[in-house]
Amino acid sequence: AEKHHHDAAADLARRGAALPAEAATTFELQWLAGDMLRTAGQIDAAVEAFAHARDAAPDDAARCRAWLGTADCMRLQDRYDDALEGLDAAQTLAEAGGMIAEMSGIHYRHANICFPLGRIDECMAEHEAARRLGAEAGLPDAEARALGGLGDVYYLRGRTKTARDYFARCVALCRENGFE
């Protein structure tokens, strides 16, 4: 996986997941298979792997991760209603478990679905929630992604100076944290 051999990594992860193991190990292997398959563009197979990961999940945090993987796949296929359903399932788990980092990611993904649907006010609110939660969780990468998303929204609205300010904040935060 680290060498970007996504198909091979997915095959090995699926083979490993088929072996007898604790639920946490099976979950991680199924989740890795889903992630690698999604990255390789095999979206239907990735959705199936994430479903298997949910079935093997040892706890709600793992189930939340699997739902996020599923939602990411659905968004890639422009299956926005299905993606939103996956995000709703993940959000229920994240809120119940007080998973702030996951909530930031959920809001960010939700914003990225609202954008192509033209739901710009909702997109802006979701990016702002993602930014706030990312900052609260101490995740500068999550905060930077949301700042970039806010820049996109303001640019779309023709507010180029405000968009530039958000993009500049995003770049500054990335540089400050060594993201390149």
Side-chain angles (χ1 to χ4, degrees), residues 1-116 126-127 129-130 133-134 136-146 148-149 174 177-180:
E2 288 177 3
K3 293 182 179 183
H4 304 285
H5 299 291
H6 306 297
D7 291 321
D11 288 341
L12 290 170
R14 286 191 287 198
R15 286 176 52 199
L19 299 172
E22 293 186 17
T25 301
T26 301
F27 165 79
E28 289 297 337
L29 290 168
Q30 287 289 4
W31 189 92
L32 177 62
D35 190 46
M36 293 295 98
L37 290 163
R38 179 188 50 79
T39 302
Q42 298 180 45
I43 305 303
D44 291 333
V47 168
E48 184 179 333
F50 285 125
H52 290 306
R54 275 195 312 277
D55 293 342
D59 56 34
D60 284 346
R63 260 183 293 291
C64 181
R65 277 180 58 204
W67 276 116
L68 292 175
T70 301
D72 288 340
C73 290
M74 298 300 172
R75 185 181 66 84
L76 289 172
Q77 291 183 322
D78 296 338
R79 294 172 54 189
Y80 298 126
D81 289 337
D82 292 333
L84 290 171
E85 285 180 26
L87 290 177
D88 287 345
Q91 186 167 351
T92 298
L93 296 167
E95 286 176 349
M99 301 175 218
I100 296 171
E102 288 80 358
M103 287 299 302
S104 176
I106 290 164
H107 286 289
Y108 177 75
R109 287 169 171 90
H110 195 174
N112 287 335
I113 293 169
C114 291
F115 191 86
E126 291 291 333
H127 275 310
L133 289 165
E136 183 180 329
L139 298 170
D141 56 332
E143 189 177 358
R145 278 191 297 274
C174 289
N177 288 280
F179 306 144
E180 298 204 30

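Below, each value reflects all heavy atoms present in this structure, side chains not excepted, and no hydrogens, waters or symmetry copies. Owing to the predicted nature of the structure, the values given are computational and were not obtained by experimental measurement.
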Minimal heavy-atom distance between A62 and D59, with the atoms involved, is N-OD1, 2.8 Å
Is there side-chain contact between R145 and D141, with at least one heavy-atom pair below 4.5 Å? yes
Mind checking the CD1-CD spacing from I100 to E136? Nearest 0.5 Å is all I need. 4.0 Å
Do M74 and I113 touch side chain to side chain, with heavy atoms closer than 4.5 Å? no
Where do M36 and D7 land on the side chain to side chain contact (heavy atoms under 4.5 Å, CB included) test, with the steps shown first? CA-CA 7 Å; M36 293 295 98; D7 291 321; over 6 Å; no
Closest approach of A142 and S104, non-hydrogen atoms and distance? CB-OG, 3.6 Å
Closest non-hydrogen atom pair, A17 against L29: N-CD1, 3.6 Å
Closest heavy-atom pair and its distance - A94, C64: CB-SG, 4.1 Å
Kindly give the heavy-atom pair with the smallest separation between A144 and C174, and that separation in Å. CB-SG, 3.7 Å
For residues H127 and N112, determine if any side-chain heavy atom of one lies less than 4.5 Å from a side-chain heavy atom of the other. yes
Is there a donor-acceptor pair closer than 3.5 Å between any side-chain N or O of T70 and the backbone N or O of A66? yes
Do L37 and I43 have side-chain heavy atoms sitting under 4.5 Å apart? no
Would you sort out whether M99 and D60 count as a side chain to side chain contact (heavy atoms under 4.5 Å, CB included), showing the intermediate values? CA-CA 10 Å; M99 301 175 218; D60 284 346; 4.3 Å; yes
Begin with the C-alpha distance, continue with both residues' side-chain angles, and end with the deciding distance and a verdict on side chain to side chain contact (heavy atoms under 4.5 Å, CB included) for F50 and Q30. CA-CA 7 Å; F50 285 125; Q30 287 289 4; over 6 Å; no
Can you tell me how far the CZ atom of R109 sits from the CD atom of E102, to the nearest 0.5 Å? 9.5 Å
Please round to the nearest 0.5 Å and tell me the distance separating atom NE2 of H6 and atom CG of L32. 11.0 Å
When rounded to the nearest 0.5 Å, the distance separating CZ of R54 from CZ of F27 is 10.0 Å
When you compare the side chain of R65 with that of E28, does any pair of heavy atoms fall below 4.5 Å? yes
Interatomic distance, CD@Q91 vs CH2@W67, rounded to 0.5 Å, equals 14.0 Å
Charged N-O contact under 4.0 Å between R75 and D72: no
Between R38 and A46 (side chain of the first, backbone of the second, donor and acceptor by atom type, cut-off under 3.5 Å), is there such a pair? no
Does a side chain donor of either Y80 or D82 reach within less than 3.5 Å of an acceptor in the other side chain? no
What's the separation between atom CG in N177 and atom CD in E143, rounded to the nearest 0.5 Å? 9.0 Å
